[in-house]
There are 4 protein chains.
Amino acid sequence: MNPIEIAVVGYGYWGPNLVRNFHETEGARMAVCCDLDPQRLARAHRRFPGVECTSDYDAVLRNPAIAAVAIATPVSAHFAMARRALEAGKHVLVEKPLTMRVDHAEELVALAEQKGLVLMVDHVFLYSPAVRKMKELVETGHLGRLFFIDSVRINLGLFQHDVNVVWDLAPHDLSIVDHLIGRLPKSLSAFGATHAGSDIEDVAYLNLDYGDGLIANFHVNWLSPVKVRHIIVGGSKQSLIYNDLETSEKVKVYNRGIDVGADSDKKHQLLISYRAGDVWSPNLPQEEPLNRLAADFVRCIREGSRPLADGSSGLRIVRILDAAQRSIKAQGGRIVL
Amino acid sequence: MNPIEIAVVGYGYWGPNLVRNFHETEGARMAVCCDLDPQRLARAHRRFPGVECTSDYDAVLRNPAIAAVAIATPVSAHFAMARRALEAGKHVLVEKPLTMRVDHAEELVALAEQKGLVLMVDHVFLYSPAVRKMKELVETGHLGRLFFIDSVRINLGLFQHDVNVVWDLAPHDLSIVDHLIGRLPKSLSAFGATHAGSDIEDVAYLNLDYGDGLIANFHVNWLSPVKVRHIIVGGSKQSLIYNDLETSEKVKVYNRGIDVGADSDKKHQLLISYRAGDVWSPNLPQEEPLNRLAADFVRCIREGSRPLADGSSGLRIVRILDAAQRSIKAQGGRIVL
Amino acid sequence: MNPIEIAVVGYGYWGPNLVRNFHETEGARMAVCCDLDPQRLARAHRRFPGVECTSDYDAVLRNPAIAAVAIATPVSAHFAMARRALEAGKHVLVEKPLTMRVDHAEELVALAEQKGLVLMVDHVFLYSPAVRKMKELVETGHLGRLFFIDSVRINLGLFQHDVNVVWDLAPHDLSIVDHLIGRLPKSLSAFGATHAGSDIEDVAYLNLDYGDGLIANFHVNWLSPVKVRHIIVGGSKQSLIYNDLETSEKVKVYNRGIDVGADSDKKHQLLISYRAGDVWSPNLPQEEPLNRLAADFVRCIREGSRPLADGSSGLRIVRILDAAQRSIKAQGGRIVL
Amino acid sequence: MNPIEIAVVGYGYWGPNLVRNFHETEGARMAVCCDLDPQRLARAHRRFPGVECTSDYDAVLRNPAIAAVAIATPVSAHFAMARRALEAGKHVLVEKPLTMRVDHAEELVALAEQKGLVLMVDHVFLYSPAVRKMKELVETGHLGRLFFIDSVRINLGLFQHDVNVVWDLAPHDLSIVDHLIGRLPKSLSAFGATHAGSDIEDVAYLNLDYGDGLIANFHVNWLSPVKVRHIIVGGSKQSLIYNDLETSEKVKVYNRGIDVGADSDKKHQLLISYRAGDVWSPNLPQEEPLNRLAADFVRCIREGSRPLADGSSGLRIVRILDAAQRSIKAQGGRIVL
């Protein structure tokens, strides 16, 4: 069986991780690395001497041996490059967020569908042991009905030049929550502020309403003095906390909550009692999520199947990001999705 | 000099703390404890045999020896009891929040003004060593221009029957932020959800816009599996984190931030550099804030001066709470203050 | 049934806790508080107006209504006061450590035995929910064979004048470990250093050998810049960590360890594999251990039974402390017990 | 100026880090990688295609282009391989610990001295920003007189086959403390226990007496359910804690301690007061210590100077390890150094 030959486009911050992981992916051949910057290409060449380095994206697309293209350029270039790759018959993996506009994302999804090609977004957290465990706990009903989700991803820098903190950081958490809940929120409000003299927000809050009492709040921030990355999922039976900075207990499940009983005497007053139970932290394997994502991409290309982080999930996240952007500009005005 | 005689009304959750602290306050005499529940009165009597116990609030108000009344009843009774006390010529300390309605708070402030009486709200955190240090750091310009404030006060329970989680928990953080900033926000949005079968919100987020790029976000929650109590204040020069659950380093100042420079070559692009400096945690005295608050109340009565947590600050907090309540009912609609 | 009348002797650091707890103990009457210092007596009187206050210990011992005496004086007075109380026919609870000399502890144990009186030591941690859970986990074999115990109890101050840091802090941890293991160590070595210009050690390490590969190490320190209170119990099946400063997860059980297998190929080399399993933190009730200890004292007096923290356990701890003291003076020389 | 050509011997756990760092060291050429295991060599070749791979150590030593050899083999091979390299006129960097016997370490130091060659030990922590800051704080007198050092380096596995936990883990902390204090301890005691069916200790405690009231205790452990890596340095003026697992505040300085005053009234009693001051965490650069160590090795070869982690420091650490080993076998018997 011939290996799937892969080209990685963009050797900046994330590209080297893609090259390294496709290099190690069974059934794939990390064939070409493409970047316009000669210094980056030189760096790629030193590190991966067997990988062909080029600045000619056209040539990559014309090369019939290349089956798939992974795009890790600045966000603003995602759409054009992904469309050209799909048009050239290549399977495509795009760095998150998929695009900067909803119609662009829709067009890519439709194009991949029509051409029968794999379109995947690099929502890498979906492949992490922690998120897989969270998904399992939610799906098997361990948490009961979901009450609230509180997500915080804050740290100092790195400021982006073409996107604000929402487009930069929120895709991670939005894709995780989208994966857990499996549907779009009904509406959202978002707030942001800019401080660096540009019109790019560096602090923002998103508030998503999923209906049925489930709200999800996201705090993303480039100005925080400390790094925090956690998601609390509050449920009717149990609650969990995912702390991505924790090395040995990333996911903790709390058998704590409230029980609501009827009060026979006072008809209009509820009896609320508290459960304070055990805390349990499941052991998680030590794996690099990007490794699994690369393997899923290759497998889907080979089998013609749909990856976990497919174009549709990428489109859903772009829809939320776009609505958040509009809400921020409207000073928190509610956007129905 | 005769001691100021104090009556404490309401011997439930917070009342015993008031009785204990006025008992130990120089220049005060903890004279009467008033509650309708005989069991509570019996408990008060066992613990403080020298304090007169009564269920007759009228008698307390008629007693000319009593100079001041401290009200620690359920929130819904604050207004009526405080008004009667002021009308009877007593100085008044009211548990937070001051009242449940803005017009009620306005009336109390006006009445106290007109009668020349001290009206104080139990915004006890203003008297804590941590908040006093934060106030000093903000006032002396150590943080520079304020960029954002992020406040989290979450834990499991205790559900209240007459107020929601916003009215229960947010007054603490709102009063701290009000104290630091010294003005009302320009507008706010708030979101909440209910899960215990009643219409009382148990999870809520408030987003306050103070103008000039300063936003403040508050997360209050009765359903969280863990207890968190922190406030991050991000500034242009330095940032600080106040973690109220930390015993030895409650306030940490981070000499970290961004510097924005002009880019001579690219006119439209800003050069942002990061400062990663030292972290410093000032030593704070070990004090009980309520002790200081009680002393301030007594001092203001004696000197005819204005307490740190005066009626106006109580009114400002009620304004914010009221607006938050309306915003929640309007699903996050923006309320201009 | 008449209540057991209790006298508490010594109203300094710990005495008030004893008075408060016996005050609330069913079946007991907190009758007399005895101290030589009039200021302390005045404080006791203000706080507990119903308790008789006296500086006359003889009168207490002569009083036939008093059934039991709880001694919370400086350590150097324990022996003489406890002996006189036992001779006067009183049941006795002594603050830890029981005495400063082994022969004194032996004499008290023998005297109580001969007189048929309860002799109890205030090893209060034995009554805490955390230690009771640890005892259960060890006894039911959840940890397997015990490999090592590592105990740390360090903080800044409070220097004692009559005992060093070993006699001051180690009794807590030694009594916990004694309770878990149920036997004296075979031998020990101890090291200490003095820095405050006196000959009283303020930093010390104790190393106890229990045989069968089980060693226990104790670090006690009055000079540490931070407060740490933990015990690690390493076992062949699971290990646990007891962190007394943690509020919600005081005991954590780690399903981690090594498995030793035979290596068929290389006879002389062992195959060691690692288990990295779940972490589990059992929910513990919120209780004050001293409350339970007081109840156990009263119950044992009434029933003529033996308390958990009986004179023998107090004697075992004094034996270890005495041996540690001798080892320190001999610069770590091994002492066989 | 020609680059210094380096051969790395041993491509197991640590070797790849040496190859990578010498690869990036200015003035060095990472020339040859030597290992007996063909699989490891293949791995090295894939990762570093420009480095010559060989299993012939003799050929490496005969190669006149090679100026220096870095030895990362199992400890038992250190001495023989390092001696042969020095005899062949190569500068030598040896993985820690330098050798397994004191006389072997002495011989290497003498041989390097006689041949005028650089002999360096891979005490990599001496080059870390945290330890450099600690050294500066100690040397400039910020801590005052040193009172105690408490070091903990514990985690689950990896069991070594040729050395016990003392020889495996303690060299790190011993070399740091040796660097801070700059002299051998006067004496030591050590305790260990074995649990994996072999005679190799997996838990051990070392207690070093440096005289003048300064004691240092080291806990090393392969069986701990959690990973801990800290060093507390207690001083008369300030104390510091180095927590190597902390990402943003690795070194914290506590302005806390005791002050000893004369008591005019009671001649024989000391007045001890406590200082509870600020906590300060200096910002540390983000650097890889091994990078600096490699650069120091190359610089010393070129300039004929002495590295920070020279053979003598390696010898001092072997002396302590050897004494600890003998003390463990003598059940904690005190060894004078």
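Chain naming here is simple, since letters A, B, ... match the order of the sequence lines and numbering starts at 1 in each. Just so it is clear, the structure is predicted and the values come from calculations on it, not from any experiment. As a basis for the values below, the full set of heavy atoms in this structure was taken, side chains included, without hydrogen atoms, waters or symmetry mates.
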With a cut-off of 6.0 Å (strictly less than), are more than 12 heavy atoms of other residues, nucleotides or ligands near [atom1] of [X]?
| X | atom1 | answer |
| --- | --- | --- |
| D:Tyr13 | OH | no |
| C:Glu246 | CD | yes |
| C:Lys329 | NZ | yes |

Which of [options] touches chain C most, by non-hydrogen pairs under 4.5 Å:
| options | answer |
| --- | --- |
| D:Leu214, D:Ile200, D:Asn221, D:Val279 | D:Asn221 |
| D:Asn217, D:Ile241, D:Leu240, D:Asp202 | D:Asn217 |
| D:Val203, D:Asn207, D:Asn255 | D:Asn207 |

Which pair of non-hydrogen atoms, one from [X] and one from [Y], has the smallest distance, and what is that distance?
| X | Y | answer |
| --- | --- | --- |
| D:Gly213 | C:Ala193 | O-CB, 3.6 Å |
| C:Arg334 | D:Gln331 | CD-O, 3.1 Å |
| D:Arg256 | C:Leu156 | CB-CD2, 4.0 Å |

(request) Among C:Ile154, C:Thr194, C:Val152, C:Ile258, single out the residue with the greatest number of heavy-atom pairs under 4.5 Å to chain D. (result)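 Going by pairs under 4.5 Å, I would pick C:Ile258.
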(request) Select, from C:Gly257, C:Gly234, C:Gly332, C:Ser224, the one with the greatest count of heavy-atom pairs under 4.5 Å involving chain D. (result)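 With the most close heavy-atom pairs to chain D, the winner is C:Gly257.
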(request) Name the region of D:Ile232, side chain, backbone, both or neither, that has any atom closer than 4.5 Å to a heavy atom of chain C. (result)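 When you check distances to chain C, only side chain atoms of D:Ile232 fall under 4.5 Å.
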Is chain D contacted by the side chain of [X], its backbone, both, or neither, given a heavy-atom distance below 4.5 Å?
| X | result |
| --- | --- |
| C:Phe147 | both |
| C:Ile215 | side chain |
| C:Asp212 | neither |

(message) Strictly distance-based, threshold 3.5 Å: is any side-chain N or O of D:His195 a donor or acceptor partner for the main-chain N or O of C:Ser236?
(response)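 Looks like no, no N/O pair under 3.5 Å.
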(request) Would you check if D:Phe191 and C:Asp209 make a side-chain contact, meaning some heavy-atom pair closer than 4.5 Å? (result)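 Heavy-atom side-chain distance check fails, nothing below 4.5 Å.
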